[in-house]
Amino acid sequence: MKLPHSYYSNQDVLFLAQNLLGKVLFTEIGDAITAGIIVETEAYFGVQDKASHAYGGRRTNRTEPLYSHGGISYVYLCYGIHHLFNVVSSVEDDPHAVLIRAVEPLIGKEIMEHRRNMPSSKATISSGPGSAAKALGIDQSFNKKDLTGDEIWIEDHGILYKPDEIITGPRIGVAYAQEDALLPWRFFVKNNKYVSKPNKG
DNA sequence: CGGATGATTCACT
DNA sequence: GTGAATCATCCGC
């Protein structure tokens, strides 16, 4: 059930970003288990991607997790308020990652409702990278965690979307990346209400 | 050591 | 649609 370490070694981050749609992201904090179906992702294409924190081989204390072997998390604070969760992929020193932008609440909905202070019927409970992370209880302490461990992991529940249900488009909020901002490296499930921003095909 | 800056969200107008 | 919130990180001096 749990995706094995080998899954994350895939060196094609665009494939992985698309393949992660329909997978189920779990967190366990104390006794609280929550999980959501991944319905929106973005690929960050290593050193050659101007939108990536690792662009040009930039290597700092913060970006260090990106350079690890695939299969760990990369969580960082954005705008001083939001924790954004990424799945690190590929091999060591090849800093590819997939940003999880939205999940559909599946397990532990009451816990997510409490964390977000809104009903899970509301789309915005886990729509957008900051909200999805908060619903799952992800914060800085989840940085650099092994994704095959027992604090945060991803399972395959056999959910498969048809090719025409998966939409590709430019990434959100990366205008600073100039021409790379136009690359169609955002993937989401068509018409899923938990997808942020435009979710139609 | 200080200034700038976000892979965003939410409350208002 | 607009603007505030809010701080770790990064980079230049």
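Bracketed by its first and final contacts, the part of DNA chain C lying under 4.0 Å from non-hydrogen atoms of chain A reaches from C/dA5 to C/dC11 in 5' to 3' order.
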How does DNA chain C look in dot-bracket form if you count Watson-Crick and G-U pairs under 3.5 Å, write [ ] for pairs that cross, and put | where a base pairs with another strand?
|||||.||||||.
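A search for ring-ring contact (aromatic ring centres under 6.0 Å, His included) contacts involving A/Phe45 returns A/His96, A/Trp185, not counting sequence neighbours. Residues satisfying the side chain to side chain donor-acceptor pair (under 3.5 Å) test with A/Asp93, not counting sequence neighbours, are A/Arg59.
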List the atom pairs, with distances to 0.1 Å, where a side-chain N or O of residues 132-141 of chain A and a protein N or O form a donor-acceptor pair under 3.5 Å, not counting sequence neighbours.
residue: A/Asp139; atom: OD1; partner: A/Ser141; partner atom: N; Å: 2.9
residue: A/Asp139; atom: OD1; partner: A/Ser141; partner atom: OG; Å: 2.6

Listed pairs under 3.5 Å, donor-acceptor, residues 101-112 of chain A side chains, sequence neighbours left out:
residue: A/Arg101; atom: NE; partner: A/Glu40; partner atom: OE2; Å: 2.8
residue: A/Arg101; atom: NH2; partner: A/Ser196; partner atom: OG; Å: 3.3
residue: A/Glu104; atom: OE1; partner: A/Asn192; partner atom: ND2; Å: 2.8

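Sorted by first and then second residue, the pairs that involve residues 159-176 of chain A and meet side chain to side chain donor-acceptor pair (under 3.5 Å), not counting sequence neighbours, are A/Asp49-A/Arg171. Applying the side chain to side chain donor-acceptor pair (under 3.5 Å) test to residues at least two apart or on different chains, the pairs with a partner in residues 13-34 of chain A are A/Tyr7-A/Asn19, A/Asn19-A/Lys23, A/Thr27-A/Thr34, A/Thr34-A/Arg115.
Taking Ile, Leu, Val, Met, Phe, Trp and Tyr as members and joining any whose side-chain heavy atoms lie under 4.5 Å apart, directly or through other members, A/Val47 forms no hydrophobic cluster with any other residue. Residue A/Tyr79 belongs to no hydrophobic cluster, having no ILVMFWY side-chain heavy atom closer than 4.5 Å to its own.
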For nucleotides 8-13 of chain B, just jot down a letter per nucleotide in 5' to 3' order: B, S or -, based on protein non-hydrogen atoms under 4.0 Å.
BSS---
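Remark: side-chain polar atoms of A/Arg186 are not paired, donor with acceptor, to backbone N or O of A/Pro170 under 3.5 angstrom. Of the possible donor and acceptor atoms, none in the side chain of A/Asp180 sits under 3.5 Å from a partner among the backbone N and O of A/Ala51.
Residues of residues 42-77 of chain A that place a heavy atom closer than 4.0 Å to DNA chain C, in numerical order, are A/Arg58, A/Thr60, A/Arg62, A/Leu77.
Residues A/Lys2 and A/Glu155 are not paired through a salt bridge, judged by the lack of any N-O separation under 4.0 Å between the basic side chain and the carboxylate.
Using modelled atom types and a 3.5 Å distance limit, the side chains of A/His53 and A/Tyr44 yield no donor-acceptor pair.
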